Amino acid sequence: MNAARPALATFHAPSADDALALVGLTVAYRVRGKDREVLTDVSLRIKRGEAYGLVGESGCGKSTVALAVLRYLAHNGRVKAGRIAIAGEDVLSLDREGLRMLRAHKVSMVYQDPASALNPTLTIARQLSEAFEAAGASPADALAQSHAMLERVRIADPARVMASWPHQLSGGMQQRVVIAMALASNPALLILDEPTTGLDATVEAEVLALIAQLRAELGMAVLLISHDLAVIRGMCERMGVLYAGRLVEEGATRDVFARARHPYTVGLLRCLPAPGRNKAHGALDTIPGELPAPGALTHGCVYAPRCRLADARCREHAPPPHRMEAAHGEQMSRCHYHERAIELPIADAANEADIADMRAGAETIAPPGGQSNRQTNEPAEETSCAPHAHEAKVVLRATNVSRTFGRGAHAQRVLDDVSLELRAGETLGLVGESGSGKTTLAKLLLGLHAADPGGTVELDARPLAEHLAQRDAGQLQALRVVFQHPDASLNRALPVKRLVGRALALARRAGADNASNARSREMAGERVDETADEATGENAEARNAARVAALLEAVRVPMRYLAARARQLSGGLKQRVAIAQAFAGEPRVVICDEPTSALDVSVQAAILNLLARLQREHGVSYLFISHDLDVVRYLADRVMVLYAGRVLESGPASAVLNGPCHPYTETLLNPGMLARETSASHRQAGTPIGDIPRNATGGATGCVFSARCPRKIGAICDEAAPPFEADAQGHRIRCHIPAEQLRALQAGTTAAQPHS
């Protein structure tokens, strides 16, 4: 007997003032001869000039909405039911030419990764002018309009950018170019699919401010798809929440944030690290369980298996779309108990199942042939958030390291005299804008780059070879990495169980006498025979399968993906597999390079909980690189701030992030500050906000931040190197302004900020 289907939502037909209207949209993909619905009865409208945010976990159908609107669905996807109208035009009834004209004149899309949207074999001028030509401009006019559009998106030197190739531009610059291409047709609707993922806070603030300004100037509507709730809150008048292909809540953004009416929305909001809260205060709230598989038939409410308010009624009867008046308009919730959703139990009770899963996973992550702290009943090594953290052993130390690319007149120093210490069980947060040198420093520590002469890197007080191939197996296993983009570390053709299984096999070899030779051959590109692992018998194979399963469970990768290949996974799932790979052995130090930037907030919370637990139980140390300062505040014990390759501030996380802090750190904490306070003369000089100046020689005499500093006090900032002295807490600020004066200045700025 077929499961009862929910009734279609009550929704009016598209009207003339709608930029986008979806009525009862149902989309299915044909897989193995069966239709699997990925969107069910989605109805929403976006008025002309309005910004609408669409949120939800990875896999809930957000991007499918955008692809359906544009009719870009894969060959096995189809719209089973419903209507789609853009600026009054019925999208589903258009022929090939009508669809081409719609895309050329009425709707544009900005994708998540700007690098993948740009052709690496064509200059920016060629690609941007093509967009204008598609809208009807002549080649000559297209070039002129391209130059003007780059100026409009606040690119200071359009001629240079037009002559550049995509790889020569920063991520923020690439995103601005893609936005310029999308605006070439002056669309009525602009779709933005995760437009700021991977951008640092200042560039993100600039891109969002740019979109808001252009929306006001052009009167276009915006559909903003994002897992970043803060971005949705700051950008959108209204928002919708998708879960398993269903719109479960909708309303004015202020109303949803003030009083969410669906338990899923409440859960998403509570996954965010609260201001002032860190790992010492306990685990983050998470949403237990996982999304149902696409196309799964469910009785009752689709969210009931994960809902802490669910009862028999929820499991048997699908809730209708309840509509109620709120402070700023109508609010909709598909929940039988929408009035009680805000009362959802929090924190401790919510995390019981999640913590149990993580504990089970953590207990299996032991060194090959060894035991974890929990297994031996020994106390975990004291972490840096404990009272005597400063007494912990230094695991990783870098002293006066620099890195210069190029030679002669083309030499560019991207790291300049950087020193750091990382202690056992400690997290050092490394922050700064794109181009500040964070990833270069990480690669130098990993042996992927060699430092300039004069600097040293040590692991357990022993010098580390400059190059990866020269390090022994123990050092390779002790220092692991989780990259920002999982495609950089995963073989797209291999299934998940093989990816994690290989990492476990390498960890076992690292503990064997012949590990060094095996690893060296693999690094040299030779095939390493894996039959030695298979020869240990069925018990070993079963044990390996159990460890693979436990690792994947610990990072919340559903078991149904064991046989899936990396190329078939979403970005969030690929990142979780990459994290499982990093912890397959028993690393002493894990370098995390933006590991949660591609994850939705519920999975991010689970990953942060996992990292904190593994640190407590195994004493692992993290160098945590991130542009999300809320995440850094939660996980880091100490923070180091990089700008143009120089350390401008370092010290305990509470001291750095609560102030007084360096003016550059202040701009990271208040991303709109540069736009508000940088003088007009600085902008007229041609340095756009969000761009870091390049140091060709490394010999600057003044402060490297002086050209952009909103607290600049005079010529001394340009002419004299600022002091870099530590206070009693070990907090160091490289600035001419005394700490107490900075405290007073920043307190005044904070008091003047408008409250949302």
Side-chain angles (χ1 to χ4, degrees), residues 14 16-23 25-30 39 42 44-46 48-49 52 62-114 116-146 148-149 152-153 166 177-193 195 214-215 218-225:
D17 64 341
D18 290 338
L20 173 67
L22 306 181
V23 182
L25 178 65
T26 298
V27 174
Y29 286 98
R30 190 77 173 172
L39 292 177
V42 174
L44 62 85
R45 66 172 57 194
I46 305 174
R48 294 179 185 267
Y52 185 102
K62 304 187 302 295
S63 295
T64 300
V65 169
L67 295 175
V69 167
L70 293 166
R71 280 180 57 183
Y72 276 154
L73 291 171
H75 69 280
N76 63 330
R78 68 185 182 94
V79 176
K80 289 183 64 177
R83 296 181 61 188
I84 305 171
I86 297 177
E89 195 158 8
D90 188 346
V91 175
L92 298 179
S93 67
L94 295 175
D95 59 16
R96 187 182 185 90
E97 179 61 19
L99 188 59
R100 189 188 73 81
M101 295 300 292
L102 178 83
R103 294 170 180 169
H105 297 285
K106 291 189 177 181
V107 60
S108 293
M109 184 166 176
V110 174
Y111 293 91
Q112 178 174 344
D113 181 8
S116 65
L118 294 172
N119 189 328
T121 66
L122 298 177
T123 64
I124 298 301
R126 180 63 252 159
Q127 297 185 66
L128 188 51
S129 62
E130 281 182 349
F132 282 97
E133 289 173 20
S138 67
D141 287 343
L143 280 174
Q145 292 179 47
S146 297
M149 184 59 76
R152 194 168 194 174
V153 298
V177 170
V178 171
I179 291 172
M181 293 173 66
L183 297 178
S185 61
N186 193 20
L189 174 66
L190 178 65
I191 301 174
L192 304 168
D193 190 359
L214 294 173
R215 180 168 71 92
L218 302 175
M220 65 182 176
V222 170
L223 172 60
L224 175 58
I225 297 169

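Scope of the values below: all heavy atoms of this structure, side chains included, with no hydrogens, waters or symmetry mates. Model, not experiment: these values are computed from the prediction.
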So which heavy atom on [X] is nearest to which on [Y], and how close?
{"X": "A142", "Y": "F132", "value": "CB-CB, 3.8 Å"}
{"X": "K80", "Y": "A28", "value": "CD-CB, 3.3 Å"}
{"X": "A87", "Y": "A188", "value": "CB-CB, 4.2 Å"}
{"X": "G49", "Y": "R215", "value": "O-NH1, 2.6 Å"}
{"X": "Y29", "Y": "G77", "value": "CD2-CA, 3.4 Å"}
{"X": "V178", "Y": "A117", "value": "CG2-CB, 4.3 Å"}

Quiz prompt | Verdict with supporting geometry, V27 and V42, side chain to side chain contact (heavy atoms under 4.5 Å, CB included) | solution = CA-CA 9 Å; V27 174; V42 174; over 6 Å; no

Exercise. Check V91, L70, D18 against I86 for a side chain to side chain contact (heavy atoms under 4.5 Å, CB included) and give me the one that passes.
Key: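 Among V91, L70, D18, the one meeting side chain to side chain contact (heavy atoms under 4.5 Å, CB included) with I86 is V91.
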
Hey, are the side chains of [X] and [Y] touching, using non-hydrogen atoms and a 4.5 Å cut-off?
{"X": "Y52", "Y": "L20", "value": "no"}
{"X": "I124", "Y": "P166", "value": "yes"}
{"X": "L214", "Y": "V153", "value": "yes"}
{"X": "V69", "Y": "L25", "value": "no"}
{"X": "L218", "Y": "R152", "value": "yes"}

Exercise. Apply the test side chain to side chain contact (heavy atoms under 4.5 Å, CB included) to residues L118 and M181: give CA-CA distance (whole Å), side-chain angles for both, the deciding distance (0.1 Å), then the verdict.
Key: CA-CA 10 Å; L118 294 172; M181 293 173 66; 3.7 Å; yes

Once rounded to the nearest 0.5 Å, what's the spacing between atom [atom1] of [X] and atom [atom2] of [Y]?
{"X": "M109", "Y": "L190", "atom1": "CE", "atom2": "CG", "result": "10.0 Å"}
{"X": "R71", "Y": "L99", "atom1": "CZ", "atom2": "CG", "result": "5.0 Å"}
{"X": "L143", "Y": "R126", "atom1": "CG", "atom2": "CZ", "result": "7.5 Å"}
{"X": "D17", "Y": "I46", "atom1": "CG", "atom2": "CD1", "result": "12.5 Å"}
{"X": "R78", "Y": "T26", "atom1": "CZ", "atom2": "OG1", "result": "10.5 Å"}
{"X": "E133", "Y": "L128", "atom1": "CD", "atom2": "CG", "result": "10.5 Å"}

Self-check item: L122 backbone acceptor or donor facing Q127 side chain under 3.5 Å
Solution: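 Yes, Q127 side chain to L122 backbone: donor-acceptor pair under 3.5 Å.
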
Quiz item: Is it true that a side-chain atom of N76 and a backbone atom of R30 form a donor plus acceptor pair closer than 3.5 Å?
Solution: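 The answer is yes, because a donor-acceptor pair under 3.5 Å joins these two groups.
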
Exercise. Kindly indicate, with the supporting measurements, whether the criterion side chain to side chain donor-acceptor pair (under 3.5 Å) is fulfilled by S185 and S108.
Key: CA-CA 8 Å; S185 61; S108 293; 3.2 Å; yes

